[in-house]
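FYI, the numbering just counts along the sequence from 1.
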Amino acid sequence: MSQSFDSVGARSGGVSAAAIESSSATMTALRGAGIVLAGSALVAVAAHVSIPLWFTPVPITLQPFAVLLLGLLLGPRLAFATMVAYLAEGAAGLPVFTPSLLSGVAHILGPTGGYLLSYPVVAPLISAIWRRGACTFSRGVIVAGAGSLVTLTMGAAWLGVATHLAPMAVLQAAVLPFLPGDVLKVVAAAGIAAGAARWRRVG
């Protein structure tokens, strides 16, 4: 009889452990989904903070800052998922891209699409690099700066293919005007990420 009660207790304990594990996995998934949605919303808001330039189809926006910041704050998987979700929302027609004459998939495939398509590359890339060393401000500037250069390179290459501009014209339209602002975005993202890292260590 004692053995019978012990076996029942073991089975009930096993069920409870399985239920707890399942509940924990569900909470983790819900938390991840919430972070992805919040992150994609941040990029969308940043996309609407824009200044059009008369000499190029590429506007000045806060999108790169949001992408760099999320890449430094989130793990690689969440960073990638956030950027994919952002592009999926835009492709579905939601107003998450910088306002222009194009929308949805046409916007992604338009002259500025290279910048957008760089985001699922840049965010997880800098996330992985950032987590492999000291999370200091100076290192954050280097990591975020590298991510910014990847975005500018992909954006310029895409614009060149889409418009058939000469290399120097592409440089003047897609890279040079944005360097000063991107330096500020890199510094701001690195500062916030380094501060968050210090706060986690203290906490």
Side-chain touch [X]/[Y], heavy atoms, less than 4.5 angstrom:
| X | Y | result |
| --- | --- | --- |
| M168 | L171 | yes |
| L116 | Y86 | yes |
| V67 | T151 | no |
| T61 | P64 | yes |
| M154 | V122 | no |
| P177 | Q172 | no |
| I108 | F97 | yes |
| L109 | L102 | no |

Tell me whether [Y] is reachable from [X] by hopping between hydrophobic residues (I, L, V, M, F, W, Y) whose side-chain heavy atoms are closer than 4.5 Å.
| X | Y | value |
| --- | --- | --- |
| W130 | V187 | yes |
| V121 | L152 | no |
| W199 | L73 | no |
| V105 | L101 | no |
| F55 | W158 | yes |

Quiz prompt | Residue pairs fulfilling side chain to side chain donor-acceptor pair (under 3.5 Å) with at least one residue in residues 30-46, sequence neighbours excluded | solution =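 Side chain to side chain donor-acceptor pair (under 3.5 Å) check on residues 30-46 returns S40-E89.
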Self-check item: Under 3.5 Å: donor-acceptor pair, side chain of Y115, backbone of A174
Solution: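 Yes, the answer is positive, given that a donor and an acceptor are paired below the 3.5 Å cut-off.
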Which atom of [X] lies closest to which atom of [Y], heavy atoms considered:
| X | Y | value |
| --- | --- | --- |
| A156 | V175 | CB-CG2, 3.8 Å |
| G140 | A190 | C-CB, 3.4 Å |
| R132 | R139 | C-NH2, 3.9 Å |
| P59 | S50 | CB-CB, 4.5 Å |
| F80 | P120 | CD1-O, 3.3 Å |
| A173 | T56 | O-OG1, 2.8 Å |

Practice problem: Please step through side chain to side chain contact (heavy atoms under 4.5 Å, CB included) for the pair V143 and L68, ending with a clear verdict. | Solution: CA-CA 9 Å; V143 174; L68 295 175; over 6 Å; no
Exercise. Let me know which of L184, I192, V43, V186 forms a side-chain contact (heavy atoms from CB on, under 4.5 Å) with F65.
Key: I192
Exercise. Show the numbers, then the answer: is there a side chain to side chain contact (heavy atoms under 4.5 Å, CB included) between F178 and L53?
Key: CA-CA 11 Å; F178 307 101; L53 301 176; 3.9 Å; yes
Roughly how far, to the nearest 0.5 Å, is [atom2] of [Y] from [atom1] of [X]?
| X | Y | atom1 | atom2 | answer |
| --- | --- | --- | --- | --- |
| L70 | I35 | CG | CD1 | 10.5 Å |
| I126 | L74 | CD1 | CG | 10.0 Å |
| Y119 | L125 | OH | CG | 15.0 Å |

Exercise. Determine which pairs satisfy salt bridge (Lys or Arg N to Asp or Glu O under 4.0 Å) with at least one residue from residues 162-183, sequence neighbours left out, and list them in order.
Key: D182-K185
Quiz prompt | Connected hydrophobic set around V170, excluding itself, where side chains approach under 4.5 Å | solution =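 Reading the cluster by chain and number, V170 sits alongside L165.
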Quiz prompt | With V49 via side chain to side chain contact (heavy atoms under 4.5 Å, CB included) - residues at least two apart | solution = L62
Quiz prompt | Residues which pass side chain to side chain contact (heavy atoms under 4.5 Å, CB included) with V36, listed by chain and number, not counting sequence neighbours | solution = L78, A81, T82, A85
Quiz item: Of all residues at least two apart in sequence or in a different chain, which pass the side chain to side chain donor-acceptor pair (under 3.5 Å) check with S127?
Solution: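 Here the qualifying residues are R131.
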